[in-house]
Amino acid sequence: SYELLRGVAERAGEASVVQVAEQIGAEERGMMNRLESTFEVAVDASLRAVGRDDMKEQLRKYLVDAHAIEQQAITLLERGPKLAGRESLAHIYEEHLADTRDHAELVEERLHALGGDPSTLKDAALRLGALNWAAFFRGHPDTPGKLAAFVRAFEHLEIGGYEQLKLVAQAAGETETVSVVEKILEQEREAAFRVADAFGEALE
């Protein structure tokens with residue numbers, strides 16, 4: 001959001017706003033990096049709170065959450081191209097939609113391999129949330145910019161979730177799940193970078 005604000009301020013010739021946006025944006029990035037460095041501690045605390053007797057059961061729970069978030073991402077990205085404002089942005093959303101559908105299938109496959117199933121209730125609830133977001137974005141005159149910022153933020157939410165899922169899979173000794181998550185993480189990081197790289201187009 002602050003990167004987009006900086007871009008608007010530059011176009012408006014408001015140097016003081018540019019400076020403030022850059023300063024706050026740098027502080028927000030610093031906080032994001034600090035939080036990322038605590039994932040291992042956070043997962044350890046979570047697992048200690050619920051007990052380590054059945055690590056595979058905990059892994060199944062994390063996979064269920066990952067599947068629900070992917071369903072939410074699918075619903076959002078299905079509407080993204082119509083709200084993108086530029087063909088190049090629409091193309092980014094369309095390509096990542098294909099990846100996201102693959103991610104949901106991969107997560108579901110790992111769930112079944114571990115004797116679990118996706119949560120229909122969680123999937124439906126998060127899909128509904130994505131529909132509400134799409135309606136929210138359509139109500140703004142600067143839809144392409146807000147959508148780009150939100151999609152990037154959502155990618156980082158997924159990245160955080162998969163980083164923690166990977167740690168749980170490692171603790172459970174599930175190397176195949178670790179490999180699947182690493183593949184997904186690579187694509188999520190690439191998508192976040194591509195959206196951020198297109199912020200200028202979203203502003204235009």
Looking at every non-hydrogen atom in both residues, tell me the closest pair between [X] and [Y] and how far apart they are.
X    : Y    : result
R79  : T75  : NH1-O, 3.1 Å
G85  : P144 : CA-CG, 3.9 Å
A148 : A202 : CB-CB, 3.9 Å
A192 : H156 : CB-NE2, 3.9 Å
K56  : A172 : N-CB, 4.5 Å
G7   : L203 : CA-CD1, 3.6 Å

[Y]/[X] salt bridge by N-O under 4.0 Å criterion:
X    : Y    : value
K166 : E40  : no
D65  : K61  : no
R152 : E155 : no

Qualifying salt bridge (charged side-chain N to carboxylate O under 4.0 Å, His left out) pairs with a residue from residues 93-104, counting only residues at least two apart or across chains: E78-R101, E95-R194
Hydrophobic cluster identity match, [X] and [Y], side-chain contacts under 4.5 Å:
X    : Y    : result
L165 : L47  : yes
F199 : F193 : no
M32  : Y162 : no

Working to the nearest 0.5 angstrom, can you tell me the gap between [X] [atom1] and [Y] [atom2]?
X    : Y    : atom1 : atom2 : result
Y62  : M55  : OH    : CE    : 8.5 Å
I159 : Q187 : CD1   : CD    : 11.5 Å
L63  : H112 : CG    : NE2   : 11.0 Å
L97  : L76  : CG    : CG    : 10.0 Å
I74  : E70  : CD1   : CD    : 6.5 Å
Q72  : E158 : CD    : CD    : 8.5 Å

Of all pairs that satisfy side chain to side chain donor-acceptor pair (under 3.5 Å), the ones with a partner from residues 9-27, not counting sequence neighbours: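 Non-adjacent pairs meeting side chain to side chain donor-acceptor pair (under 3.5 Å): R6-E10, R11-E204.
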Co-members of V20 in a cluster of I, L, V, M, F, W and Y side chains, linked at under 4.5 Å: Y2, L5, V17, I24
Trace of the side-chain contact (heavy atoms from CB on, under 4.5 Å) decision for R48 with D44: CA-CA 6 Å; R48 187 168 60 248; D44 183 67; 2.7 Å; yes
Member of V195, L89, L83 meeting the side-chain contact (heavy atoms from CB on, under 4.5 Å) criterion with L147: L83
V181: which of L185, I184, V178 passes side-chain contact (heavy atoms from CB on, under 4.5 Å):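 Single pass found, and it is L185.
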Qualifying residues under salt bridge (Lys or Arg N to Asp or Glu O under 4.0 Å), relative to E109, sequence neighbours excluded: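 Result, salt bridge (Lys or Arg N to Asp or Glu O under 4.0 Å) vs E109: none returned.
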Worked verdict on L167 versus Q170 for side-chain contact (heavy atoms from CB on, under 4.5 Å): CA-CA 5 Å; L167 290 167; Q170 288 171 339; 3.6 Å; yes
Over 12 non-hydrogen atoms of neighbours within 6.0 angstrom of CD in E176: no
Minimum side-chain heavy-atom gap E108-E105 below 4.5 Å: no
All side chain to side chain donor-acceptor pair (under 3.5 Å) counterparts of E188, not counting sequence neighbours: H96, H103
All side chain to side chain donor-acceptor pair (under 3.5 Å) counterparts of R86, not counting sequence neighbours: none
L114 vs T177, side-chain contact (heavy atoms from CB on, under 4.5 Å): CA-CA, chis, key distance, verdict: CA-CA 10 Å; L114 293 166; T177 302; 4.2 Å; yes
